[in-house]
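Read through the structure below, which is laid out as structure tokens, and then see the notes.
Just so we're clear, the structure is a prediction, and the values are computed from it rather than from any experiment. By convention in this document, chain letters (A, B, ...) are assigned in the order of the sequence lines, proteins followed by strands, and residues within each chain are numbered from 1. Scope of the values below: all heavy atoms of this structure, side chains included, with no hydrogens, waters or symmetry mates.
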2 protein chains.
Amino acid sequence: MQTLTRNQQIVFDIINKSSEPLKAYTILSNVQKKGIKAPPQVYRALDKLIEMGKIHKIESKNAFVACQNSSCNVSKATAFSICESCEEVTEISNSKISKYLSNFAEKAGMEYKKYNLEFFGLCKKCK
Amino acid sequence: MQTLTRNQQIVFDIINKSSEPLKAYTILSNVQKKGIKAPPQVYRALDKLIEMGKIHKIESKNAFVACQNSSCNVSKATAFSICESCEEVTEISNSKISKYLSNFAEKAGMEYKKYNLEFFGLCKKCK
DNA sequence: TTACATAATGTTATTTTATAACAATAAACT
DNA sequence: AGTTTATTGTTATAAAATAACATTATGTAA
Ligand SMILES: [Zn+2]
Ligand SMILES: [Zn+2]
Ligand SMILES: [Zn+2]
Ligand SMILES: [Zn+2]
């Protein structure tokens with residue numbers, strides 16, 4: 001369990017508190033009062049947090065969310081369900097989906113180190 | 001089977017001929033001799049081609065590839081295998097993977113309209 | 001502790017990716 | 001022909017990410 005540096009902690013806190021994915025420049029503007037002044041500081045913290053599996057990047061949105069699983073620090077495989085109406089993003093339990101995908105990969109003779117899966121549709125509220 | 005407009009055809013041709021995913025500005029610089037001069041012209045063509053399912057965006061790379069399946073125009077669900085060494089991108093047959101994912105979704109009580117899946121690893125050459 | 005190496009931070013400028021806004025043409029429809 | 005709709009052309013700008021280099025902090029080993 002790695003301990004976070006000052007900037008990493010600041011960036012992680014704001015992502016972790018947020019109910020929605022945050023963009024890098026939104027994070028920046030929210031942490032300027034804490035002394036983080038420039039994009040590279042944010043992006044460096046984001047990179048490390050991703051490496052550690054504490055946060056994930058939603059590629060289709062260029063936005064970042066805190067990990068809602070416990071095992072992503074190991075597998076780095078991620079899966080999300082994204083509402084096209086309200087933009088809500090939910091992380092899908094790693095173990096559940098991994099079983100299906102490793103199953104598929106095995107039958108297809110495919111190997112992989114990680115994956116990212118994004119489902120799009122309507123959440124329960126918006127349906 | 002929708003027919004392409006002039007700009008759409010030009011942009012599609014260059015993506016389709018390419019052996020690797022192309023970035024928007026790479027496309028732009030390659031079509032300037034054909035009269036496409038500015039980013040919006042490229043991005044508009046890309047948007048339409050994606051809608052039609054003729055090309056896909058590799059989200060993790062901000063790059064575009066021609067569809068290698070036949071059914072993407074219907075489902076808009078996409079899956080790729082990406083080599084982390086040589087950057088090779090292969091589209092995974094839609095029907096194969098879809099079975100697994102719809103299976104998963106059903107058991108999880110989840111609904112979706114489309115998805116995007118990107119596997120990362122090493123291709124056969126790089127392994 | 002001091003010297004060296006490594007990691008993290010601060011800062012400025014720039015690159016890369018994507019879109020807003022509006023004018024001009026072309027194509028489709030009535 | 002006249003009207004609507006889609007596509008194109010053009011300029012400017014916004015948004016996302018990184019390069020490059022200086023500085024400070026932290027860890028490690030003599
Ligand atoms: Zn996670
Ligand atoms: Zn919703
Ligand atoms: Zn396809
Ligand atoms: Zn390879």
Side-chain angles (χ1 to χ4, degrees), chain A residues 1-15 18 20-65 80 82 84 87 89 116 118 120, chain B residues 1-15 18 20-65 73 82 84 87 89 116 118 120:
Chain A
M1 186 61 186
Q2 197 165 349
T3 153
L4 303 182
T5 66
R6 186 186 134 81
N7 286 3
Q8 288 163 12
Q9 188 68 59
I10 292 169
V11 169
F12 177 71
D13 284 346
I14 191 160
I15 295 173
S18 171
E20 56 184 10
L22 293 180
K23 294 180 164 252
Y25 277 73
T26 306
I27 293 168
L28 176 57
S29 72
N30 278 286
V31 296
Q32 284 186 320
K33 52 196 159 217
K34 303 223 172 181
I36 294 179
K37 289 177 189 155
Q41 296 173 289
V42 171
Y43 280 103
R44 284 194 289 235
L46 290 172
D47 287 347
K48 293 289 179 179
L49 291 167
I50 289 170
E51 263 182 41
M52 296 178 207
K54 303 270 295 177
I55 65 168
H56 304 304
K57 181 175 184 182
I58 309 297
E59 292 285 356
S60 61
K61 291 179 166 299
N62 297 321
F64 303 85
V65 292
F80 303 93
I82 301 169
E84 284 179 309
E87 312 270 288
V89 171
N116 180 56
E118 300 181 5
F120 303 89
Chain B
M1 184 61 184
Q2 197 165 351
T3 153
L4 303 183
T5 67
R6 186 187 134 79
N7 286 3
Q8 288 162 12
Q9 189 69 58
I10 291 169
V11 169
F12 177 71
D13 284 347
I14 191 158
I15 296 173
S18 172
E20 55 184 12
L22 294 180
K23 293 180 164 253
Y25 278 73
T26 304
I27 294 169
L28 176 57
S29 71
N30 278 288
V31 298
Q32 284 186 319
K33 52 197 161 218
K34 304 223 170 179
I36 295 181
K37 288 178 188 154
Q41 295 172 289
V42 172
Y43 281 102
R44 283 193 289 234
L46 289 173
D47 288 347
K48 294 287 180 183
L49 291 167
I50 289 170
E51 263 181 41
M52 295 176 205
K54 304 269 297 174
I55 65 168
H56 304 303
K57 181 175 184 183
I58 310 296
E59 292 285 356
S60 61
K61 292 180 166 300
N62 297 321
F64 304 85
V65 292
N73 52 340
I82 302 169
E84 286 180 307
E87 313 270 288
V89 171
N116 180 56
E118 300 181 5
F120 303 90

Rounded distance [0.5 Å steps], [atom1] in [X] versus [atom2] in [Y]:
X      : Y      : atom1 : atom2 : answer
E59(B) : I58(A) : CD    : CD1   : 11.0 Å
Y43(A) : F64(A) : OH    : CZ    : 6.5 Å
L49(A) : Q9(A)  : CG    : CD    : 8.5 Å
K54(A) : I15(A) : NZ    : CD1   : 11.0 Å

Please confirm whether the shortest side-chain N or O distance from [X] to OP1 or OP2 of [N] is below 4.0 Å.
X      : N       : answer
K57(A) : dA16(D) : no
N62(B) : dA17(D) : no
K48(A) : dT9(C)  : no
Y43(B) : dA18(C) : yes
K37(A) : dT11(C) : yes
Q41(A) : dG10(C) : yes
T5(B)  : dT8(D)  : yes

What is the distance from [atom1] of [X] to [atom2] of [N], rounded to the nearest Å?
X      : N       : atom1 : atom2 : result
N7(A)  : dT11(C) : CG    : C1'   : 13 Å
I58(A) : dA16(D) : CD1   : P     : 15 Å
K34(A) : dT9(C)  : NZ    : P     : 15 Å
R6(B)  : dA26(C) : CZ    : C1'   : 13 Å
K61(B) : dT16(C) : NZ    : C1'   : 15 Å
Q8(A)  : dA25(D) : CD    : P     : 17 Å
M52(B) : dT7(D)  : CE    : P     : 7 Å
Q32(B) : dT10(D) : CD    : P     : 12 Å

- Query: Is the aromatic ring centre of Y25(B) closer than 5.5 Å to the centre of the six-membered base ring of dT17(C), with the two planes inclined by less than 30°?
  - Reply: yes
- Query: Less than 4.0 Å between a side-chain N and a carboxylate O, is that true for E87(B) and K61(B)?
  - Reply: yes
- Message: Regarding R44(A), tell me which of base, sugar-phosphate or nothing describes its non-hydrogen contacts under 4.0 Å with the strands shown.
- Response: base
